[in-house]
2 protein chains.
Amino acid sequence: MNSFSFRGLSAFPLTPTSETGIDERAVAAMVERAVRAGVDSIGALGSTGGYAYLDREQRRRVARVAVNAASGTPVMVGVGALRTQQVRQYVDEAQAEGAAAVLLAPVSYQPLTDDEVFGLYEDISAAASVPVCVYDNPATTGFSFSDELHAAIAELPNIAAVKIPPSPAEHAEERITTLRNALRPGTVIGVSGDWFAAPALIAGADAWFSVVAGLFPEVAVAITQAALNGSGAEATRLSADLEPLWTLFRRHGSLRVMATASELLGLTARPSLPRPLRELDQDARQAVAETLGSLRLQ
Amino acid sequence: MNSFSFRGLSAFPLTPTSETGIDERAVAAMVERAVRAGVDSIGALGSTGGYAYLDREQRRRVARVAVNAASGTPVMVGVGALRTQQVRQYVDEAQAEGAAAVLLAPVSYQPLTDDEVFGLYEDISAAASVPVCVYDNPATTGFSFSDELHAAIAELPNIAAVKIPPSPAEHAEERITTLRNALRPGTVIGVSGDWFAAPALIAGADAWFSVVAGLFPEVAVAITQAALNGSGAEATRLSADLEPLWTLFRRHGSLRVMATASELLGLTARPSLPRPLRELDQDARQAVAETLGSLRLQ
């Protein structure tokens, strides 16, 4: 699994986590669902996979479970942490567990400077033996990348991809084109914010790092294949059909919605989020249940 | 040390940290300087004390070193962490080491809801046996408290104080008055952002949680005493004299400036910040050295 293209659809499963530990069996079940549906890769320990809330041993176990359950489908593993020292350790351990790539966000407490973030990627790209994906997620890290910084980091060895946050759909083409022109040729552009995937893939993004595919991979596979095979109108229609789900994602955060969905599906026990994170209240749970029902997501 | 008023001046020392560990001797030296100068309390493991970057054992050791070096001056200990479970553990260990109070920020990765933050304080205030200070620092946590949320949290048992971020000096009176009217009577209001201390104390804030006092306590004691003893004009003048330092704080972050200052003073070795944090570049170091010299800070 040393070749990892990052292209196409990457499914990001949850790591159901409570005060007593993580639910490894649920992680395996979600990875298996995604692989059966034909996703191109698995993104274990992403933000949806709760990496920031897990300790070293839990991260190692999730990487192992995901790689085993993926049975050959490549697995990218999130390795972000506040200290470079910790990131190095997580990279080593993810690689030892069979990760085909690593995903690194500039996790912050003190707001980081551009030089500090560049230095982080310089240190880690030199230490990693698998490709590194730069994870740009200002909502969780508080750090905003400029395209100049993305371009400088993309020149480092081992930096193979960037994962960018959503823009408004009507700006997808401008956003992807501008970033493409800034980056070293060959750098893979992947997108987050599931509602942004169809417009971004149609506009030339290479990959969708998908939350919904962690639980409902079939519809994400269908959107990705339509968008990448020239059937943009169908991708747009399929994504528009999911608007009630995207609305819940934007309102409550996709993690809380998907955690609730995984409980409703019976894939894990309740609660499945670590405190201080809380589950949705009763009204919102009901809205999730109704939305899954009306969209026939199961 | 079970009575802790939070009032007056609290000095927040650095925890010099490199890739090989923490400099406990430097922490002790800084606490001793502050105590000799007559600060009212010590704030160990604040943001300046780098708590977010330290592991459990390092936090325990810093708490112990600070309490010992403070020789009777009360020590508040920062206990923030991404998981409530970890915060509980840090509270227990800080208390075991003699902390007279704990300081808790809603450290975030997933953006937290108001209900989640309230739940965090509910859980921790019930678990703590010392007073809890609510730490409001949107720059590091990404979470913004409303005054309604501050008011609700202040009603919980054991919540004794709030530490707020700076407002523009010209809004100090409005800010302190509005917050005072929102909070349960008796809740201590402490301020951060050293340039905001004089106007806020003059406007009726109770305490200054001070970065500069971690290294240069004399001038902070003078500002605090002037402001709290009716000599507002003198407090304003003394604070204005430090404007070159405040400018560096705002430009580079007070942590990087103070880390550089501690190295220039010979209190610790270089580097003293954990990666990915980096020290100031040569020009900025020179500016810090010149500013300390011209302000006779040593």
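Below, read A as the first sequence line, B as the second, and so on, with proteins coming before strands; counting in each chain starts at 1.
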Please tell me if the side chains of B:Thr17 and A:Arg83 come closer than 4.5 Å, counting only heavy atoms from C-beta onward. yes

Non-hydrogen atoms of chain B under 4.5 Å away: do they reach the side chain of A:Asp55, the backbone, both or neither? neither

Taking all heavy atoms of B:Pro276 and all of A:Thr84, pick out the closest pair and write down the distance. N-OG1, 3.1 Å

Determine the minimum heavy-atom distance between B:Pro111 and A:Ala139, stating which atoms define it. CG-O, 3.4 Å

Sequence neighbours excluded - ring pair (Phe, Tyr, Trp, His ring centres under 6.0 Å) pairs with any residue from residues 101-136 of chain B: A:Tyr51-B:Tyr109

Find the one option among A:Asn137, A:Thr141, A:Leu112, A:Val87 whose heavy-atom pairs under 4.5 Å with chain B are most numerous. A:Leu112

With the side chain counted from C-beta on, respond yes when B:Arg278 and A:Asp115 share a heavy-atom pair under 4.5 Å apart, and no when they do not. no

Using non-hydrogen atoms only, which part of A:Val107 is less than 4.5 Å away from chain B: side chain, backbone, both, or neither? side chain

Should we say atom CZ of B:Arg250 is surrounded by more than 12 heavy atoms from elsewhere, each under 6.0 Å from it? yes

Part of residues 252-265 of chain B lying next to chain A, heavy-atom separation under 4.5 Å: B:Leu255, B:Arg256

Determine, for A:Arg275 against B:Asp123, whether the closest basic-nitrogen to carboxylate-oxygen distance falls under 4.0 angstrom. yes

Under 4.5 Å, counting heavy-atom pairs only, tell me which of B:Asp281, B:Leu277, B:Thr140, B:Leu120 racks up the most with chain A. B:Thr140

